[in-house]
Each structure stands twice: as structure tokens, then as C-alpha cells.
Amino acid sequence: MKVLDRYFLKEIIPSFLLALSFIIFLLFMNQVFYLAEIFISKNVPFLIVLKVLFYLLPSIIALAFPLAFMAGVLGGLARLSSDREIDALKVLGFTPGKILKPLFVLGLVFWLITTGFTFWLTPAANYRWLQTMVNSVLTRISLAVEPGLFIESLPGKVIFIQGKERDETWRNVFVYQLKEDDKFQITLSRTGQLSLAPEKKEAWLYLEDGQNYGFDLKLPEVVLVNSFQKLVQAVDLSRITRNSSLEKKGREKNIKELLEDRIRGKQEASTKPELFRLTEVELHKRLSLPATCLIFVFLGAGLGWRKWRGGRLTGYALSVVILLVYYGLLVVGEEAAMKGKLSPALAMWCPNLLILISGLFFYFTSYRVESGRVQKIYYQIKEIKTRWLRK
């Protein structure tokens, strides 16, 4: 590798690493804020929280790599432009094509890395994330009952207690229970306790010295009242996890499984069009996202060769605008494809196509304009040299 190529990479790679760290942090914190409520409500142990967040990293990195590559290119080349190093290269006769080779090599490396993530590592981590969420988070039963709070953790019940004894026995208990659509029951008792058997997905509510009040909204004037010394109510906890499934979906399947689903989906496309569209969207996304690393090469070279004031900050600001547009088009296209308004291939590759067209435009126009400037500067220097020799 030539000295100049290494010099370009020396400027681009630190900018890339900085942008990669920032983008990963933003995407990671977005997931943390989204999951925080679940972790808190389920009282999830810290080690399980770390495990869940760790399995999110591959999907975040797969998205961050192409975006950070663009930011790194513009940030690094903008620094060279602000220090007039690009102008010096122009005077020496270099064209935008000079930076295309190291950018393409770097883009090819990132394309291979991102492809490895999207094809195999990310879906495997996504499935591990799903398993952890279902087995250790969503099915986790946290029934900590504190005085003065309405507890809605038990299916179909609302519990309120006034206080606790030293042995954790509840004091002055209120229980609301929905029996049917128009019927509900309110239970008041002097003491109570909850016995939990999460491994059996069962719980038992023990109440002592109280009354039951039954209400029917169709007969509001009738109230059924009965007293009890001891009352035991069974609670079916399986309802909490009834909707949790470990079945692999599109984002949890590797490229081989997606291709197999695509073959089967073609045969069942008439009966299950939504499932076939989901497979097509996921498959094209796995291919288009890594390809962005190669497509950004032309746009980065074309914009980076131009004169920018403000150094790296200008390059980062410009890259943020480009990345927001790209990500917005990707999200809108995916939604349109899922609804059947666009073909999956067009929806997933359209952002890349627009980036490629824009990149080729900026690259070749920059090449033409700067070549003309170099030629003009060359003749000016030659004229000044001729005049000096005459003197």
C-alpha cells in the first residue's frame, strides 16, 4: 500500500471509530430506554439485564458499521480539506480517483464484516435474545406486594393491602376480581398471604376473616354477600406467558433458513402472502445493508474531495443528514413493503440506489471540476515561472 493511501486511511479510521462508538451508543441507549420499564416491572436481576443487552449488540453493530463508515470518510476528508491538504493534492495534479482505491478497500473490508453479522451472527444473537427474554424476563413473576399500592401482577386481580406484619402477613386486604364481562367480586379480609410456585405456573391466595361482595352490572340493585373465616383462591399464572413464543421469525433466522423459507413461500404465496413478503423483506435487507459500505465509497469520495470549512464537525454534520435520510427511507420502505404497497426488492434497495446515483454524480462532477482547476493552477504556475526566468 502506498504512503498516500496509508495517510488517507490514517485520517479516516479514527473518524470511523469515533462515529461507530457514537452511533452504537445512541442505538444502544434507545433499546435500554425501551426495555427499562420491563426490567423494572419484572424485577429482573442485573446479570440477566446484561445478558439481554449483550445479545442486542450484534444487530446494533450491523446497522452502525455502514453508517459509521460514511461518517468516518466525510469526517476524515473534511479535516484534510479544512487544513488545505486536499488543495495541495490538487495542485500536485491528483484527482478524486486517488482516494477511491483506499476507500474501496476499506469499504470492502467493512462489507465482509457486515455481511458476516447480517447473515449469521446477528440472527443467532437475536434468537438468543428472544430465548432470554421469554425464559428469564417475560415469564418472570414478580409479585412483590407493598402497602399502599394497587398491585395488578396477578391475572384478573387487583390487590391492595394497608400494611404488613413482621412475618410478611398482609393486614387489611382488598382484592378486586373480574369474574365475567359484567360480573366482578370484591373481597375484604383482615389478613392474607400469597404462596407462589413459579415452576408450576401456580399461586395460591390465602385470606382470613373477611367478606365477599358479588356484583352484576345487569342487576345493579343486587349484591351478593358472604362471610368466611378462611378462603383459598388458586391463581393460574400460565396466562402471563401464554403469548410468549420461542418460534423463530425472520430476524432470528440465518441466511440459509431465509432462503429455505423463500422457496417454501413461493409455493404458498397465494395462501400466505404476508409471510412471503416478510421473508422477502428480511432477505433483501440482509443483502442491501452490507452493500451500503461499498455504495458509500463514491459519495464519500465525491463529497470529501470538495472544499469544506469547519473540519471534522462539518463532515460529521453532513454525514448525519445523509444517514438520517438513508435510515428514514429504509424504515418507510420496509413499512410499505410489509403492507404490500411496494415490492420488497424495490423497498430495500431503493435507498441504496439513490445513494449510488448521488454518489456517482458528486464523484464525477467533483472529478471534472477539480481537474479543470488543477489544469488552470498548473498553467498559472507555468506562466509565473516563465516570467521569473525572463527577468
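All values derive from a computational prediction rather than experimental measurement.
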Practice problem: For a salt bridge (charged side-chain N to carboxylate O under 4.0 Å, His left out) with Glu334, tell me which candidate from Arg251, Arg277, Lys285 qualifies. | Solution: Lys285
Practice problem: Kindly work out whether a path of hydrophobic side-chain contacts (I/L/V/M/F/W/Y, heavy atoms less than 4.5 Å apart) joins Met133 to Leu50. | Solution: no
Quiz prompt | Heavy-atom side-chain proximity of Leu63 to Leu27 below 4.5 angstrom | solution = yes
Quiz item: Hey, are the side chains of Trp129 and Val52 touching, using non-hydrogen atoms and a 4.5 Å cut-off?
Solution: yes
Exercise. Might you confirm whether atom CZ of Phe184 has over 12 heavy atoms from other residues, nucleotides or ligands at distances under 6.0 Å?
Key: yes
Practice problem: Identify the two heavy atoms, one from Val281 and one from Ala337, that lie closest to each other, and give their separation to 0.1 Å. | Solution: CG2-CB, 3.6 Å
Practice problem: Indicate yes or no: at least one non-hydrogen side-chain atom of Ile159 is less than 4.5 angstrom from one of Phe174. | Solution: no
Self-check item: Sequence neighbours excluded - salt bridge (Lys or Arg N to Asp or Glu O under 4.0 Å) pairs with any residue from residues 168-177
Solution: Lys164-Glu168, Glu165-Arg171
Quiz item: Can you tell me how far OG1 of Thr191 sits from CD1 of Ile161, rounded to the nearest 0.5 angstrom?
Solution: 11.5 Å
Practice problem: Specify the closest pair of heavy atoms between Arg262 and Phe276, including all atoms of both residues, with the distance to one decimal. | Solution: O-CE1, 3.9 Å
Self-check item: Single-linkage hydrophobic cluster, 4.5 Å side-chain cutoff, Leu354 and Leu74 together
Solution: no
Quiz item: Rounded to the nearest 0.5 Å, how far apart are CG of Leu278 and NZ of Lys249?
Solution: 9.5 Å
Quiz item: Considering all heavy atoms of both residues, which atom of Ile23 and which atom of Ala68 are nearest to each other, and what is their separation?
Solution: CD1-N, 3.7 Å
Exercise. Kindly determine whether Ile255 and Trp120 satisfy side-chain contact (heavy atoms from CB on, under 4.5 Å), including the steps that lead there.
Key: CA-CA 7 Å; Ile255 190 67; Trp120 296 286; 3.9 Å; yes
All N/O donor-acceptor pairs, side-chain side in residues 105-115, below 3.5 Å, sequence neighbours left out:
| unit_1 | atom_1 | unit_2 | atom_2 | d |
| --- | --- | --- | --- | --- |
| Thr114 | OG1 | Phe110 | O | 2.7 |
| Thr115 | OG1 | Trp111 | O | 2.7 |

Quiz item: Hey, which of Leu318, Leu323, Thr292 is the one that makes side-chain contact (heavy atoms from CB on, under 4.5 Å) with Met70?
Solution: Leu323
Quiz item: For Ala347 and Gly333, which heavy atoms make the closest approach, and how far apart are they?
Solution: CB-O, 3.1 Å
Quiz item: So with a 6.0 Å cut-off around CZ of Phe361, is the heavy-atom count from everything else above 12?
Solution: no
Quiz item: Shared ILVMFWY cluster between Leu259 and Trp349, side chains joined below 4.5 angstrom?
Solution: yes
Practice problem: Give me the one residue out of Leu353, Ile357, Ile355, Leu360 that meets side-chain contact (heavy atoms from CB on, under 4.5 Å) with Ile295. | Solution: Ile355
Quiz prompt | Heavy atoms of other groups near Tyr176 OH, more than 12 under 6.0 Å | solution = yes
Exercise. Answer yes or no: does atom NZ of Lys248 have more than 12 heavy-atom neighbours from other residues, nucleotides or ligands under 6.0 Å?
Key: yes
Quiz prompt | Flag side-chain contact, heavy atom, 4.5 Å: Phe25 against Ile60 | solution = no
Practice problem: Let me see the working for Phe215 and Ile186 under side-chain contact (heavy atoms from CB on, under 4.5 Å), right down to the final yes or no. | Solution: CA-CA 8 Å; Phe215 298 90; Ile186 293 177; 4.1 Å; yes
Quiz prompt | Flag side-chain contact, heavy atom, 4.5 Å: Ile48 against Pro45 | solution = yes
Quiz prompt | side-chain contact (heavy atoms from CB on, under 4.5 Å) assessment of Tyr213 paired with Leu224 | solution = CA-CA 6 Å; Tyr213 299 88; Leu224 301 177; over 6 Å; no
Quiz item: For the residue pair Phe65 and Phe16, is the inter-centroid distance of their aromatic rings smaller than 6.0 Å?
Solution: yes
Quiz item: To the nearest 0.5 Å, how far apart are CG in Leu35 and CG in Leu53?
Solution: 7.0 Å
Practice problem: Please tell me if the side chains of Lys157 and Gln233 come closer than 4.5 Å, counting only heavy atoms from C-beta onward. | Solution: yes
Self-check item: Leu219-Val223 co-clustered via ILVMFWY side chain contacts under 4.5 Å
Solution: no
Quiz item: Quick one: side-chain contact (heavy atoms from CB on, under 4.5 Å) partners of Lys51, sequence neighbours excluded?
Solution: Tyr55, Thr132
Self-check item: Approximate separation, where rounding is to 0.5 Å, of His284 NE2 and Leu258 CG
Solution: 11.0 Å
Quiz item: Do Leu299 and Leu356 come close enough that some side-chain heavy atom pair is under 4.5 Å?
Solution: no
Self-check item: Joint cluster assignment, Leu289 & Leu121, ILVMFWY side-chain distance < 4.5 Å
Solution: yes
Practice problem: Check step by step if side chain to side chain donor-acceptor pair (under 3.5 Å) holds for Asn352 and Tyr326. | Solution: CA-CA 8 Å; Asn352 287 17; Tyr326 172 80; 3.2 Å; yes
Practice problem: Could you tell me whether Lys230 sits above the aromatic face of Tyr206, with NZ or CZ closer than 6.0 angstrom to the six-membered ring centre and within 45 degrees of the axis? | Solution: no
Quiz prompt | Short side-chain to backbone donor-acceptor contact, Ser189 and Gly192, under 3.5 Å | solution = no
Quiz item: Is the backbone of Gln162 close enough, under 3.5 Å, to the side chain of Asn172 for a donor and an acceptor to pair up by distance?
Solution: no
Quiz item: How long is the gap from CD on Gln193 to OG1 on Thr169, to the nearest 0.5 Å?
Solution: 4.0 Å
Quiz prompt | Shortest non-hydrogen contact from Pro123 toward Phe117 | solution = CD-O, 3.6 Å
Practice problem: To the nearest 0.5 Å, tell me how far Leu205 CG sits from Leu231 CG. | Solution: 7.5 Å
Practice problem: Can you establish whether the number of heavy atoms outside Tyr327 located under 6.0 Å from its atom OH is more than 12? | Solution: no
Self-check item: Residue pair Leu103 / Gly300: nearest heavy atoms and the distance that separates them
Solution: CD1-C, 4.4 Å
Self-check item: Trace of the side chain to side chain donor-acceptor pair (under 3.5 Å) decision for Asn212 with Thr187
Solution: CA-CA 5 Å; Asn212 282 325; Thr187 302; 2.5 Å; yes
Exercise. Decide side-chain contact (heavy atoms from CB on, under 4.5 Å) for Asn30 and Leu26; before the verdict, give the C-alpha distance in whole Å, the side-chain angles of both, and the deciding distance to 0.1 Å.
Key: CA-CA 6 Å; Asn30 179 59; Leu26 287 182; over 6 Å; no
Quiz item: Ion pair present between Arg286 and Glu282, side-chain N to carboxylate O less than 4.0 angstrom?
Solution: yes
Quiz item: Is the shortest heavy-atom distance from the side chain of Asp261 to the side chain of Arg264 under 4.5 Å?
Solution: yes
